Each structure stands twice: as C-alpha cells, then as structure tokens.
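What follows is a set of notes on a single structure, which appears directly below.
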Amino acid sequence: MSDLDFDALEGRYAEERERRLRSDGMAQYEPLAERFAALARDPHADPDFARDPLEEDCEVLIIGGGFAGLLAGARLREDGIDSIRVVEKGADFGGTWYWNRYPGAACDVEATIYLPMLEELGHIPTERYPRASEIHSYCGKIAERYDLRRAALFQTEARDLQWDPSRSRWIVRTDRGDQIAARFVVSCTGLLSNPKLPRIPGIETFAGHAFHTSRWDYGYTRGDETGGMTGLADKVVGIVGTGSTGVQVIPHLAASAQHLFVFQRTPASVEVRNNGPLDPASFAGRQPGWARERRDNFTTLTGGGYAPVDLVGDSWTDIIRGVMPRLENGAPVADPEALRRAELLKAEAVRQRVSAEVVDPATAEALKPWFHYFCKRPCFHDEYLASFNRPNVILVDTKGKGVERFTSAGAVVDGVEYPLDCLVLATGFDFLVDYCAEAGLDIVGPEGALADRWADGPLTLHGMQTHGFPNFFMMAIAQAGAAVNYVHTADEQTQTIAHIIAETRKRGAATIQPSRKAERAWVEEIVEGAKGRRAFLESCTPGYYSYEGRRERRALLNDFYAPGPMAYIELLRRWRQTGDMAGLELG
Ligand code: NDP
C-alpha cells in the first residue's frame with residue numbers, strides 16, 4: 001500500500017461525494033406516518049389491546065422503556081423512589097431491541113460494555129455480540145430486578161406535557177386518554193427510533209409486500225432472527241439500504257430468498273466482526289468495578305484518548321489505532337500529513353478486504369466505500385461481503401443515485417425494471433432533526449412551548465435540562481458526549497438525573513432547572529467546539545451524520561461535547577461528586 005496516491009484518493013472521495021449530493025437533503029425522507037402509517041404498525045403487539053384511561057399522580061414519569069428509561073428507573077429505585085410510572089409505546093421494555101428483530105440483528109459494541117448493570121445483575125452475555133432477542137430479554141431482567149414492570153404502561157404514547165404552576169407538576173396526557181400528574185419527567189425517547197422511508201417516486205404504488213426492517217414481518221417471511229425464512233424460498237426480494245442494518249440482514253436474506261437484489265446507493269465500510277462465545281469463568285473472581293473499568297477504557301480509546309492497555313480489543317479500537325496512531329510513549333502523532341495518510345490507509349485496508357472476499361471483480365469494485373472514516377458509522381460483519389458470491393444475489397449499484405422509481409411490479413434503476421415480490425426497506429431512522437417532533441411530544445412549560453424555544457436547535461445544560469422547563473430531563477446526545485457506546489453515556493446521564501432528583505427532594509425544593517447563565521455558557525462551549533467537526537462533516541459523503549450533506553442551522557446546536565465522550569462522563573462524575581448543583585436553580 002506504500003505506493004498509494006493519497007491525493008488521487010481524496011480526489012476520488014470528492015467525486016463520489018459530489019455524485020451523492022442532492023438538493024432535497026433531509027426532505028428526501030418521510031416518516032412512517034400518513035400515507036405509510038400502515039407500515040408503522042407494531043407487529044409484536046396485540047392490536048386489540050384496550051384499557052381504561054388512568055388519572056393519577058406520581059413522583060417521576062419516565063417516557064420510554066429502552067435502555068435509557070430502564071436505567072433511569074433503576075437509578076431512581078436505588079434512591080428509594082417508589083412512585084414511578086413508565087410510559088412505553090411498545091408492548092414491552094427494550095426500545096431499539098423491542099423494535100429491531102430483523103434476522104441478524106445484534107449489537108455492534110461488545111456486550112460486556114454495551115449491556116448496562118452487568119455487575120449489579122451478575123450477568124455475563126453468551127457472546128461478544130449477542131442477538132437482539134438476548135439483549136431484549138436482558139432488558140426484561142433489568143425491569144424485573146428493579147421492579148419496573150408494575151410501573152409500566154405499555155402500548156401507550158405520551159403526547160403532551162403541560163406545566164401546572166399551581167401544583168408544580170407536569171400534567172402528561174397520553175394517546176390512551178391518561179392524565180398523569182408528575183413531579184419530575186424524564187424523557188427517554190431514544191435516538192434513531194423513528195423509522196424513515198425514502199420518497200422515491202412511485203414507492204406507494206408498489207403492489208408487492210413491503211416493510212421497514214424495524215417492523216420485520218415474520219408472518220410473511222417465516223423463520224426467526226437466526227434466518228430460515230422459508231416464506232422467501234420462492235420469492236424475489238429487493239432490499240434498499242446497506243447501512244448497519246442492511247449489512248446485518250443481507251446475509252440472511254441471501255440465504256433464504258430465491259433471488260435477492262441489493263439496491264445500493266453508497267457502499268458501507270465493513271470491518272471484521274470476529275464474534276465468539278464468552279466464557280463466564282473468565283469473568284469470575286474479577287474485582288468489583290471491572291465492568292466500569294472496561295467501559296471507561298473503551299470509551300477513552302474510541303473517543304481518541306490514551307490508555308496504556310486495550311481491554312476490549314475489537315475492531316472499534318483497532319480502527320482508532322489505525323486512524324489516530326500514537327507514538328511509542330503514547331503521545332498522539334501530531335504531524336497532520338502522517339495522520340492524513342494513516343486514515344487513508346485504514347480505509348484502503350477496508351477496500352482490500354472487499355477484494356479478498358468478493359469473487360467477481362466488478363461486484364467487488366462496486367462494494368468499495370470511497371469516503372473518509374467517520375463520515376458514516378462503520379459496520380462490522382464476517383459474512384456480508386461473501387453473500388455477494390452467491391448465485392442468487394445480485395448487487396444493483398445505483399452509483400450514488402439510489403432507486404430511480406418504483407412501479408407496481410418493482411424497482412427501476414437506470415431505466416431497468418427489477419420485478420420484486422417483496423421489498424425490504426433498511427433505510428434508517430431520523431437522527432437529531434427536531435427533538436419535539438422525534439419524541440412526539442408537545443411540551444409547554446411556564447414560559448411557553450419547547451418547540452418554540454428550540455426552533456433553531458436545542459439549548460441545554462449538559463444536554464439534559466433546559467431553562468424554562470423545570471423538573472424536566474432529557475436523555476439525549478445533542479450537547480452531550482457522543483460515545484460509540486451510547487449506553488455508557490446514558491448510564492452516566494441517568495446517574496446524574498437521579499442525583500439531581502434526590503438532591504432536589506432532600507433540599508425540599510419544588511423545582512429545579514438550569515440557570516440561563518449556566519445554560520448559555522454550556523451552549524457556547526458546544527457550538528465553539530463543534531465547528532471543526534461540522535467542517536469535517538460538510539466535506540463528507542452525505543449521510544445522517546451530515547444532514548445528508550446540507551448545511552443546517554441547527555447542526556452546531558445539535559453537536560456534542562468536543563473534548564470527547566469520556567471527558568463528558570468525567571465532567572458529570574465530578575459534578576455529582578462536588579454536590580453543589582452548580583448551574584442549577586432550585587425554586
Ligand atoms: P442508515 O441511515 O445507516 O442506512 C440507510 C441506508 O439506506 C443507507 O445505505 C442509505 O444509502 C440507504 N438509502 C436511503 N435512501 C435510499 C435510496 N433512495 N435509494 C437507495 N438507498 C437508499 O440506517 P441503518 O438502519 O442501517 O443504521 C442506522 C444506525 O442505527 C446505525 O448507524 C447505527 O448507529 C444504528 N444501528 C446499530 C446496529 C447495531 O448496533 N447492531 C444495527 C443497526 C443500526 P446512503 O448511504 O447513500 O445514504
């Protein structure tokens with residue numbers, strides 16, 4: 001690889017980016033609503049479920065029962081709070097792991113650090129990257145351990161939150177007619193939770209069977225998360241989307257479908273997965289705190305920091321070692337040219353892996369990604385590339401343009417129609433577009449609506465609280481630390497929220513909110529720190545990180561704490577330890 005022409009490589013990146021830029025940016029997508037509302041139906045829930053509306057008071061209302069909501073509930077229980085309500089749209093806890101049950105769904109961060117509370121529950125995952133069902137059932141274990149099931153209102157969506165100043169309570173209304181007065185509200189509505197569809201002309205006319213990956217229709221495909229989809233044995237299947245989801249699901253579709261057409265717009269960067277069983281014995285007898293140490297180590301390394309050892313040692317940490325090399329003494333390499341070359345070489349190794357795995361040279365060429373590392377989240381799989389060696393799998397490379405249109409019979413690319421029986425949409429989720437819209441919440445505080453206050457983007461202290469909305473907390477990553485392992489950030493945030501709620505109660509205050517001054521300082525720090533990252537993303541091939549290549553006003557405000565995810569976590573830890581509630585106003 002020493003003879004690589006680095007300038008030519010960057011030239012190719014720029015060309016490929018140019019090919020993908022489109023004037024409609026984010027507007028190229030639409031939610032699973034209105035004309036596609038039927039596709040949003042929950043395949044796992046009882047459609048006839050009914051119950052009487054509730055009118056009640058509680059101390060803390062948690063919106064969302066994924067990992068963030070579970071962690072919030074667990075930490076509050078640890079602090080002795082009994083009066084908790086959890087409102088959850090699905091029919092069970094699990095969040096992402098409730099909805100995403102497509103074949104091949106598994107975590108992409110090692111489970112020993114992705115799954116929270118392993119030490120508290122005395123649990124060791126079966127594999128490094130276990131399947132969705134194992135993670136979903138672990139969510140249930142947390143709920144049981146912290147007695148959260150009795151708190152849950154499933155198949156229920158919180159819709160509006162109105163502050164009642166006379167009682168210092170949030171009045172929360174749901175789609176089932178409930179009215180819950182809550183002293184504190186913790187909104188844990190998730191990241192990447194609203195599925196989106198591409199507005200491809202004619203998509204609504206497709207007469208075959210279609211579904212989004214987060215609503216997998218096993219009634220049609222048969223089989224389960226391990227594959228074995230006998231319902232597809234005589235079907236021609238098309239899949240749109242080759243991101244993290246597409247990469248996990250395509251090997252299973254390839255194994256089950258009579259024919260599979262993969263409609264590719266941008267090839268994914270696919271690294272080695274190297275999954276394998278975990279031996280519980282190797283974790284026995286470890287010192288208490290091992291899980292935290294392992295997590296901290298991973299977040300430090302993947303956030304670009306230094307640690308003398310690499311405790312997880314997976315493809316994520318290998319990527320960082322490649323892209324951000326260090327000198328023998330651990331100091332970061334400072335030479336910009338050396339860093340540039342290291343990053344380009346790492347991406348070249350990904351392309352060489354494609355050549356090594358895919359037999360047909362033209363298909364291999366089409367599967368090679370041409371963009372900087374971190375323009376998109378890397379994917380990890382050991383069977384994805386080889387799937388394209390199967391005779392029943394055809395890669396339809398749209399050369400950055402995407403599917404041209406749909407007819408009632410199938411997809412059209414470059415004027416050629418591909419008739420399909422079934423269309424799988426692995427086209428992703430909304431990400432940091434508009435907090436209130438994504439959370440599905442209409443939030444009105446004592447001084448007005450959050451949607452108005454945040455019309456240009458979020459304004460927070462530590463990404464978790466906002467002035468003018470007392471006793472309201474958000475679990476989010478905008479203006480917070482963006483760790484590769486989101487659950488790590490979530491765990492520290494929930495500990496902080498539980499700490500604030502406990503202190504507020506202890507001090508006998510009715511309300512707690514950030515001061516304008518502290519909020520302004522935090523927002524300024526975020527915006528200043530975000531400028532470099534945004535400039536990089538604006539040079540990237542489009543994707544959800546870069547608002548599809550469009551300059552969005554809210555992008556800077558939606559950005560993350562620049563010193564890094566571990567620095568953010570350490571900041572929260574210090575803030576809790578100090579115990580003075582700095583930046584908050586008690587009322
Ligand atoms: P992504 O947004 O990453 O991928 C969407 C895919 O759809 C892209 O390949 C995109 O192409 C393609 N696409 C969109 N519109 C069109 C079109 N008109 N024609 C052709 N292709 C189109 O969504 P994912 O669900 O894959 O992943 C989202 C995120 O969720 C991940 O980045 C990850 O953070 C998380 N995730 C994590 C998993 C895990 O931990 N195991 C598994 C799955 C998801 P293009 O690239 O050109 O835009």
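Note that the structure is a prediction, hence the values are computed from the model and not measured. Atoms within a ligand are numbered from 1 in the order they appear, just like the ligands themselves.
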Return yes when [X] approaches ligand 1 closer than 4.0 angstrom through a heavy atom, no otherwise.
| X | value |
| --- | --- |
| Phe431 | no |
| Phe380 | no |
| Gly543 | no |

N/O of [X] under 3.5 Å from N/O of ligand 1, yes or no?
| X | result |
| --- | --- |
| Gln264 | no |
| Glu548 | no |
| Leu192 | no |
| Thr427 | no |
| Thr245 | yes |
| Asp108 | yes |
| Lys376 | yes |
| Arg20 | no |
| Arg22 | no |
| Lys196 | no |

[X] contact mode with ligand 1 (heavy-atom cut-off under 4.0 Å):
| X | answer |
| --- | --- |
| Ile200 | side chain |
| Pro198 | side chain |
| Ala268 | neither |
| Tyr129 | neither |
| Ala105 | neither |

Qualifying residue, where the test is side-chain contact (heavy atoms from CB on, under 4.5 Å) with Val487 and the options are Met117, Arg295, Glu492
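Result: among Met117, Arg295, Glu492, Arg295 is the only option passing the side-chain contact (heavy atoms from CB on, under 4.5 Å) with Val487.
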Assign the ring pair Tyr13 / His372 to parallel, tilted or perpendicular, where the plane angle (0 to 90°) is split at 30° and 60°.
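Ring orientation of Tyr13 relative to His372: perpendicular.
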Using 30° and 60° as the class boundaries, would you call the ring planes of Tyr114 and Phe67 parallel, tilted or perpendicular?
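Plane angle over 60°, so perpendicular.
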Provide, to 0.1 Å, the distance between [atom] and the closest protein heavy atom, together with that atom's residue and name.
| atom | value |
| --- | --- |
| atom 10 (C) of ligand 1 | Arg265 NH2, 4.2 Å |
| atom 29 (C) of ligand 1 | Tyr544 OH, 3.5 Å |
| atom 42 (C) of ligand 1 | Tyr102 OH, 3.3 Å |
| atom 23 (O) of ligand 1 | Gly428 CA, 3.2 Å |

Is any side-chain heavy atom of Ile142 closer than 4.5 Å to a side-chain heavy atom of Glu120?
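Not touching, per the 4.5 Å side-chain cut-off.
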If only atom types and distance count, is the side chain of Asn389 paired as donor or acceptor with the main-chain N or O of Glu357 below 3.5 Å?
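Indeed, once roles are kept as given, a pair shorter than 3.5 Å links the two residues.
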Aromatic ring proximity Tyr418/Phe263, centre distance under 6.0 Å
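So the answer is yes for these two rings.
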Quick test of your reading of the structure: of Leu425, Thr266, Val240, Leu191, whose heavy atom lies closest to atom 47 (O) of ligand 1?
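Of the listed residues, Thr266 has the closest heavy atom.
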